[in-house]
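Report on the following structure.
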Number of protein chains: 2
Amino acid sequence: MNTTVQTRDPERTRTRLLDAAEALFVDQGFSAVRLSALARSAGVTKSLIHHHFGSKEKLWEAVKDRAFERYFTAQMAMLEEAGEPDAALLRSSVEAYFHFLRDNPGVVRLFAWTHLEGDDTCSELDAKLVGAGAEWVRQAQQRGLLRGDVNPTHVIAVFVMACTQWFEAKPHHQQWPGMGSDEAFLADFLTIFMEGVTPRG
Amino acid sequence: MNTTVQTRDPERTRTRLLDAAEALFVDQGFSAVRLSALARSAGVTKSLIHHHFGSKEKLWEAVKDRAFERYFTAQMAMLEEAGEPDAALLRSSVEAYFHFLRDNPGVVRLFAWTHLEGDDTCSELDAKLVGAGAEWVRQAQQRGLLRGDVNPTHVIAVFVMACTQWFEAKPHHQQWPGMGSDEAFLADFLTIFMEGVTPRG
DNA sequence: GTTTTAACTGGTCGGCCGGTCAATTATTTG
DNA sequence: CAAATAATTGACCGGCCGACCAGTTAAAAC
């Protein structure tokens, strides 16, 4: 147990830097962030950034790695909690995904910056999630609980993309005439989506 | 007709600058673009950028204005070509929108950078399009051609967001396991979407 | 043809950017 | 305890960034 007041705490410094950097990168993107501003925001000197991370680029990688790791872990946990595939569970999975993004706006923006930069290293993590989700849909299709004439990966893609885009450009979309709240949009999306993936009775 | 070889052509210079700037901004976003690189790419001196546009910021605005104007005009033309609202026309509108984005990848990225920057000036243009589209959906609902228990604006939003996100992060999504081509995804999306917005027979 | 306008050039500038380094000192190692 | 390690500091650097400006000249206005 470490109860002594430390005058030096490299782990804490690293975390403070990662936290401050994530906030700035989420807000402004990689190239608009100035290391001087980051140092000020994190309450450390600029040299410490290079001491702990080597360069601005490597810091950016570290921030992305940590954030996407968190995302991946949370999603995997949600997937493993899910039980037998059926339509009701698909609905609640979409709801859970939507609410996760609502509660983690940073990761949505981080994904967006990353994609625009052409960095698709995170697709490897995503591939596992999407693969597992698609397999889940496939099982439901074979049991006749979801319509079988659509690519399971596309089923996942449709709701992931709709949710992602909703939060990625939320300030923009909310100025559209007639646009409702988060929950109102989710409800209508679910109405359309679930009706679309359910087999005709 | 102007057939003389001009040693000066301000209009042409402006256009060359706007074209080159759009290409760079689309690719790298605002802050990563260097005016020196732009000048080189456009084949003009750096001073001319300031002469014609005043500052990097104002040039960025000019690029966005021109691109969004083109987008707006093209979309308005598509809307006005549309005839009486019904389900078949909604389907072909979604197809047309999807193919427009496929053929204009630049505008998708420009929208994305713009939204991430928190600039929502383009929502004013968008508002007209969305308003017209939603009104169109509302009419179809009243005639019983589309299900009436969903917000018309949300119907527009769902397909716009799905199409936008598909192209915005295309290199990323295409690495997902089982993901199909543009057309395969569009077909499955339409299957789900149209089934979802069509009233139960 | 003369004047006015403005397109265009080359040189320059202050500032800040990411990055480096030597020196200091708290912590760990042995 | 001494020695090695590494966290931290502040001063510093070359380079480039966006911007500016005085001067030149083609084109437009009259």
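So that the names make sense, note that chain A is the first sequence line, chain B the second, and so on, each numbered from 1.
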Applying side-chain contact (heavy atoms from CB on, under 4.5 Å), can you list everything that pairs with [X], at least two apart in sequence or on another chain?
X        : value
B/Glu183 : B/His99, B/Arg102, B/Ser181, B/Leu186
A/Leu48  : A/Thr13, A/Val44, A/Thr45, A/His51, A/His52
A/Ser36  : A/Arg34, A/Arg40, A/Lys46

(request) Provide the full list of side chain to side chain donor-acceptor pair (under 3.5 Å) pairs with a residue in residues 82-93 of chain A, sequence neighbours left out, each pair given once. (result)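 Listed by first then second residue: A/Glu84-A/Arg143.
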(request) Quick one: which residue pairs count as a side chain to side chain donor-acceptor pair (under 3.5 Å) with a foot in residues 103-114 of chain B, not counting sequence neighbours? (result)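 Counting only pairs at least two positions apart or across chains, no side chain to side chain donor-acceptor pair (under 3.5 Å) contact touches residues 103-114 of chain B.
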(message) Checking A/His115 against A/Asp120: is there a side-chain donor and acceptor pair closer than 3.5 Å?
(response)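 Their side chains do not contain a donor-acceptor pair, so the 3.5 Å distance test is not met.
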(request) Classify the nucleic acid contact of B/Arg8 as base, sugar-phosphate or nothing, counting any heavy atom under 4.0 Å across all strands shown. (result)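 Here B/Arg8 touches the bases of the nucleic acid.
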How many whole angstroms separate atom [atom1] of [X] from atom [atom2] of [N]?
X       : N      : atom1 : atom2 : result
B/Lys58 : D/dG18 : NZ    : C1'   : 13 Å
B/Asp9  : D/dA27 : CG    : P     : 10 Å
A/Arg40 : C/dG18 : CZ    : P     : 11 Å
B/Leu48 : D/dC21 : CG    : C1'   : 14 Å
B/Leu59 : D/dA19 : CG    : P     : 10 Å
A/Glu11 : D/dA7  : CD    : C1'   : 12 Å

(request) Measure from the side chain of A/Arg34, starting at C-beta and using heavy atoms only, and say which of D/dC17, C/dC17, C/dC8 lies closest. (result)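 Among the listed nucleotides, the one closest to the side chain of A/Arg34 is C/dC17.
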(message) Measuring from the side chain of B/His52 (C-beta onward, heavy atoms only), which nucleotide among D/dA27, C/dA7, C/dT27 has the closest atom?
(response)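 Nearest to the side chain of B/His52 among the choices is C/dA7.
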(message) Less than 4.0 angstrom between a side-chain N/O of A/Thr7 and OP1 or OP2 of C/dT27, yes or no?
(response)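 For A/Thr7, the contact criterion (side-chain N or O under 4.0 Å from OP1 or OP2 of C/dT27) is met.
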(message) Side-chain N or O of A/His51 versus OP1/OP2 of D/dT8: is the shortest distance under 4.0 Å?
(response)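 False: A/His51 side-chain N/O out of range (4.0 Å or more) of D/dT8 OP1/OP2.
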(message) Please check: side-chain N/O of B/Ser55 versus main-chain N/O of B/Lys58, any donor-acceptor pairing under 3.5 Å?
(response)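 A pair under 3.5 Å: yes.
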(request) Could you tell me whether the side chain of B/Thr164 and the main chain of B/Val160 form a donor-acceptor pair under 3.5 Å? (result)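 The answer is yes, because a donor-acceptor pair under 3.5 Å joins these two groups.
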(request) Report the C-alpha distance between A/Gln174 and A/Trp166 in whole Å, list the side-chain angles of each, state the deciding distance to 0.1 Å, and finish with yes or no for side-chain hydrogen bond (donor to acceptor under 3.5 Å, both in side chains). (result) CA-CA 9 Å; A/Gln174 282 196 333; A/Trp166 169 261; over 6 Å; no
All N/O pairs under 3.5 Å across the protein-nucleotides 1-3 of chain C interface:
none

What are the atom names and distances for every N/O pair under 3.5 Å that joins the protein to nucleotides 19-22 of chain C?
residue	atom	partner	partner atom	Å
C/dG19	OP2	A/His50	NE2	3.1
C/dG19	OP2	A/Lys56	N	3.0
C/dG19	O6	A/Lys46	NZ	3.0
C/dT20	O4	A/Ser47	OG	3.4

(request) Measure the CD-CZ distance between B/Glu195 and A/Arg147 for me, rounded to the nearest 0.5 Å. (result)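 Between atom CD of B/Glu195 and atom CZ of A/Arg147 there are 4.5 Å.
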(request) Output every pair passing ring-ring contact (aromatic ring centres under 6.0 Å, His included) with a member in residues 131-157 of chain A, not counting sequence neighbours, ordered by first then second residue. (result)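 Output for this query lists A/His154-B/Phe185.
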(request) Could you check if a side-chain atom of A/Met161 sits within less than 4.5 angstrom of a side-chain atom of B/His173, using non-hydrogen atoms only? (result)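 Result yes, sub-4.5 Å side-chain heavy-atom pair found.
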(request) Could you list the residues that satisfy salt bridge (Lys or Arg N to Asp or Glu O under 4.0 Å) with A/Glu81, not counting sequence neighbours? (result)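 Scan of A/Glu81 (salt bridge (Lys or Arg N to Asp or Glu O under 4.0 Å), adjacent residues dropped) gives none.
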(message) Checking A/Asp182 now: which residues fulfil salt bridge (Lys or Arg N to Asp or Glu O under 4.0 Å) with it, not counting sequence neighbours?
(response)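 Residues passing salt bridge (Lys or Arg N to Asp or Glu O under 4.0 Å) with A/Asp182: A/Lys170.
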(message) Short of 4.0 Å, heavy atom to strand atom, which residues of residues 14-27 of chain A count as contacting DNA chain C?
(response)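 Residues of residues 14-27 of chain A under 4.0 Å from DNA chain C: none.
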Output a table of nitrogen or oxygen pairs between the protein and nucleotides 28-30 of chain D separated by less than 3.5 Å.
none

